[in-house]
Amino acid sequence: MVAKKLVASISLALSLVGVVSGSTVDSSKIVTWDKYSLKINGERLFTFSGEFHYYRLPSPDLWADIFEKFKALNFNTASIYFYWGYHSPKQGVYDFEGVRDISKFLETAKKYGINIISRAGPYINAEVSEGGFPGWLTTINGTARTSNPSYDEAWKEWLTAVDKHLVPNQIGNGGPIILNQLENEYAVGLDPSYMVALADKYKKDGMDVPTTFNDPWTGGHWATGEGAVDIYGWDSYPVLFDCSHPDVWPSNVSTYFRDFRDSTNPTEPMALYEFQGGAIDGWGGAGFEKCRELTNERFAKIFYKNNYAQGATIQSLYMGYGGTSWGEIPTTAVYTSYDYGSPITEAGLMTPKAYEIKLQGAFLRDVKPFVSTTNTTAEVDNDAIRVDGIKDISSDTTFYIVQHAFSNTTNVDKFHVTVDTNDGKFAVPRKSGTAITLNGRDAKIITASYDFGSQHLLYATSDIFTHTQQDARDVLLVYAYEGEDGEVAITSSANKVQAYGTSAGVSSTLNKNVLQINYKYPHGSAFISATGKNGKELLLIVSGYDTAVKWWAPQTSKGETVLISGPYLVRSAEINGKRLALTGDTDATTNLEIVVSSAVKQVTWNGVNVSVKSTKYGTLTGKVSGPNKNIKLPDLTKSTWKYSPASPETTNDFDDSKWVAADHKTTTNPFPPTSLPVLYSDDYGYHTGSLWFRGKFKSSSDISGIKVNATMGYGSAWVAWLNGKYLGGETDIVKDFSIKQSDLEKSGDNVLSLLMWTTGHEEDWNVNDQYKTPRGFTEVSLTGSKKTPISWKVQGNLGGENIVDTVRGALNEGGLYGERMGWHLPGYPDQNWKKVSLPDTKRSGVSWYRTTFDLNIPKNHDVPLGIRFKESSSTERLRALLFINGWQFGKFANDLGPQTLFYVPEGILNHHGENTIAIGVVAVDEEVTLGEVTIEPYAKLLSGKPTVGVVNSPTYASRKSSH
Ligand SMILES: *[C@@H]1O[C@H](CO)[C@@H](O)[C@H](O)[C@H]1NC(C)=O
Ligand SMILES: *[C@@H]1O[C@H](CO)[C@@H](O)[C@H](O)[C@H]1NC(C)=O
Ligand SMILES: *[C@@H]1O[C@H](CO)[C@@H](O)[C@H](O)[C@H]1NC(C)=O
Ligand SMILES: *[C@@H]1O[C@H](CO)[C@@H](O)[C@H](O)[C@H]1NC(C)=O
């Protein structure tokens, strides 16, 4: 303990030096490693991390909420992708303000004690458009992720910009960044000089934390040789992504990770930079609740504990919090929600997996020998069970990780494990007629020979949540499923064992200074007190799993651990003299039980006094209130909506004289067109959202049709009109329309109008410039008359790369008429629009709908909200964009699904005032009906969350005056 405190104060001194003098401390001196683990200032750290993307939560005050939840779940680290395209609308232009303020994000992480694994790419993948590249990169002449000079110039520009924010936030400068990843899953098309150039550039800019790389599989890329990083690691998604079959898991049992590490990078800690924390889902998929089922809390028990059994001490869950791929963030395959089936839901809510992670995280935080182990022999008396032994390198502490030999079985098995203790080697549990139980899809960590506080644990046959020392008392909390046998043995002279709380059939024996306690895991918690002749008390808390998940173990700023049972969420604990101040959230009236130093006599919960009583066994009990469940939300089905038709581009007299001429005869795009001119929007500076192409041609007696070959991503759609008449709407790429001579204008121009509703660009996983796959058309030709020229104009988002809304940024708007006119913005004067109610009648072309609503969420409540599109009765296909207060928070495709409920974070939504909703609907089929739209709560919580301000963003008036 003393040594630890000393190290902590040295680290504080070091960071103070960095801040005070303005000079930097070399981070590589602070973050070191050996084959067992990372060390921060010499102290070993089990790096227990979750992925979190600031750009998927554009409400900066909620960053604190998520980091606080990370801390509450005992994550000590977050892994963060920094997204180039989110910051750069145009070559040479970078924005790190407002929702893009990554310095604020990193400072928030620091405030909550979360370390950062920085992953600034330049390529990140991440299911974002272009895998993180900016739109403008699609037009460079050269292959990305190679040493090509155009690419080289481009990525250096990005690193120069982002490093200005990363470098000062490294640990040596008092910030949270402890590791720096180069590239991302770069395992094909390998170009070592590119990796070397990345390392050199980061170094030149001042990044001096150790470098890392996440191999997409155990491939050994960049582990050794030219371009090798400091701490190599890999990604693993063992149950893959078939969320429609959530029960199907492969069997897990193997030492493949350890064997691979020992042969590939034997001097580095085993690092799983992305380990499955959920699963991705795409257009038409099963939905994220199914993904959460696939990767549920039992998945977390088996697969994470299996990693630990093999010696992993860096494990980052992808995702810890998924968030929302709002606007044009998502790559083509995926929809708006990026919930990912994560431990923390898109709406910021707890899940059974979050609670399981909290249990594991406290163990990893508090049971220190677990971070530096080697494999050791282990025995079990049941062939259906696999046991892996791991032993601390500097003490006798040994851990036995038990799981089924076929880890996806649903069989229940009973067995005994041989443990190595300083009282000898023997099979446990020792009480006759009892056994360790493993339910199907469960895994346990059994601990033996472990000193904690003033106690020596010989063994515990079930998992430890945590232990802590309070006054002269040691507290140990163990858990397992209800009804299972438990046995804990300590060195003790206690001959009197007293059980309190829920009855658990406790019995004990004292034999030659070994106190053995037996019990059955109760529905609740039993408190077992044993005081030895030396006066030292052990309070053993045994909790059934359903109760254990509601135990919290926050640490105060002075490092004291407080145990609290009951609440939905405990965010923080501080002790000030007699007073314990807790913050957290409740979903109902909740009984609290608190295990804390006897000096504490008063308790507050979110600043409100809780009346507490002391129990006979030295805990405090009390009650905290739940939320108001009768919070009124507006009923949008009763609202008056304003409607306007919104596709004047389809008519022949529409004025497109200010549009850009699409007249290029060449392109650097690696996917060349079949007909000219080039009809690729990116070549004309339009990289996001909906696109219009208008082609004009003179009639000719041999024209019999129009052939269109589109190039777009999955989930996209396009619609064609000739001379104002609907020709068709397609979700397929190729269409031959037949044209009658009577459809053509005899004099003047024929106008072919093409609207494309796009779903972002592809990624670049294979290093083949897939991200440049054009948006537009590879061919538009007149059948029977290929020689008749068509002259083209193109339109996309207002301003193209010179975006007009720098607050919401380059990924908020596309080229629908309503977007270009600012109809999505608050304050647009829609008073002359037609009044309608939803469901509306059938409409063709593009339609816009607007209404406003007030929210008045009561103080101290957290009521995350979403907007639901109710299925309309029509089976016609439509594509819609949902704007809330000007921010695009949903892409809805009624024929694809699965998403119909769109989360909108507080800060984008004003929870205490007026909100504007605008919906742009593209009829893919000739006529479509927009169904009802409703507001739904994800939960109602009484909450201690940080105050959330509304993100300041332009209204229609401010947009107009700037133009
Ligand atoms: C693109 O690069 C290639 C090879 O480096 C070169 O031959 C070509 O002329 C370049 N094209 C343009 C438009 O600059
Ligand atoms: C269990 O794993 C085995 C081996 O990987 C596989 O064949 C089987 O389908 C899995 N069963 C379930 C229910 O996941
Ligand atoms: C540890 O693991 C290695 C590699 O799997 C194996 O060769 C060795 O026998 C193991 N040692 C013990 C003590 O089990
Ligand atoms: C459509 O364009 C793609 C890409 O250029 C091409 O591979 C495909 O053959 C074309 N299809 C038709 C029917 O022309």
Side-chain angles (χ1 to χ4, degrees), residues 35-36 91 136-144 146-154 191 218 253-266 270 306-312 332 372-380 386-393 396-402 417-420 425 448 664-684 705-714 716 718 720 728 730-738 754 756 761-762 768-770 772-783 786:
K35 70 175 291 189
Y36 304 106
Q91 187 152 21
W136 55 262
L137 199 76
T138 55
T139 58
I140 64 163
N141 185 23
T143 308
T146 69
S147 305
N148 172 276
S150 307
Y151 176 65
D152 187 78
E153 187 194 336
D191 182 342
T218 47
V253 173
S254 163
T255 56
Y256 52 101
F257 284 167
R258 183 166 60 214
D259 299 346
F260 174 74
R261 194 278 305 269
D262 289 351
S263 67
T264 309
N265 58 328
M270 189 191 294
N306 187 60
N307 293 340
Y308 314 150
Q310 297 189 63
T332 186
S372 50
T373 63
T374 55
N375 63 318
T376 184
T377 53
E379 284 167 51
V380 59
R386 175 196 176 92
V387 58
D388 288 283
I390 56 174
K391 186 169 188 298
D392 181 23
I393 52 166
D396 288 333
T397 305
T398 309
F399 304 93
Y400 303 90
I401 292 98
V402 290
V417 170
T418 301
V419 295
D420 198 357
K425 222 173 173 176
H664 295 185
K665 297 292 188 317
T666 60
T667 177
T668 56
N669 196 289
F671 309 99
T674 330
S675 70
L676 290 175
V678 177
L679 298 179
Y680 296 170
S681 69
D682 290 296
D683 287 39
Y684 302 98
I706 300 173
K707 177 183 173 184
V708 180
N709 190 344
T711 168
M712 59 185 191
Y714 187 73
S716 303
W718 57 276
E730 301 298 322
T731 51
D732 292 337
I733 285 174
V734 182
K735 180 75 183 181
D736 286 292
F737 299 107
S738 59
L754 299 172
M756 180 174 276
H761 284 75
E762 277 79 3
N768 58 1
D769 273 356
Q770 197 75 35
K772 292 181 178 172
T773 307
R775 296 295 174 254
F777 301 91
T778 55
E779 178 176 355
V780 182
S781 56
L782 299 170
T783 321
K786 289 218 180 219

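Read the numbers this way: they start at 1 and go in the same order the structure lists the ligands and their atoms. Keep in mind that what you see is a predicted model, and the values were worked out from it rather than measured.
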* Check: Asp191/Ser147 side-chain N/O donor and acceptor closer than 3.5 Å ->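 Checked: Asp191/Ser147 side chains pair up, N/O donor to acceptor below 3.5 Å.
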* Asked: Looking only at side chains, do Ser372 and Asp392 share a donor and an acceptor under 3.5 Å apart?
  ->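 There is such a pair (donor and acceptor under 3.5 Å, judged by atom type) between the side chains of Ser372 and Asp392.
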* Taking Ser681 for the side chain and Leu679 for the main chain, is one N or O donor matched with an acceptor at less than 3.5 Å? ->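 Not a single qualifying donor-acceptor pair exists.
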* Asked: Short question: side chain of Asp683, backbone of Val678 - any donor-acceptor pair under 3.5 Å?
  ->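 No.
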* Asked: Which part of Thr666 is near ligand 1, with near meaning a heavy atom under 4.0 Å away: side chain, backbone, both or neither?
  ->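 Thr666 to ligand 1: no contact under 4.0 Å from either part.
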* To do: Before signing off on this row, confirm whether Thr668 and ligand 1 have an N or O atom pair separated by under 3.5 Å.
  =>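 In fact, backbone or side chain, Thr668 has no N or O that close.
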* **Lys425/Glu379 salt bridge by N-O under 4.0 Å criterion** =>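 Lys425 and Glu379: not salt-bridged.
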* Salt-bridge present (Asp259, Arg261; N to O < 4.0 Å) ->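 Between Arg261 and Asp259 there is no salt bridge, as every charged N stays at least 4.0 Å from the carboxylate O atoms.
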* Strictly under 4.0 Å, does any heavy atom of Thr255 approach an atom of ligand 3? ->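 Contact absent.
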* Asked: Between Tyr684 and His664, does the ring centroid distance fall short of 6.0 Å?
  ->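 Tyr684 vs His664: aromatic centres under 6.0 Å.
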* Residue shell around ligand 4, heavy atom under 4.0 angstrom ->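 For ligand 4, the contacting residues are Lys707, Asn709, Val734, Thr778.
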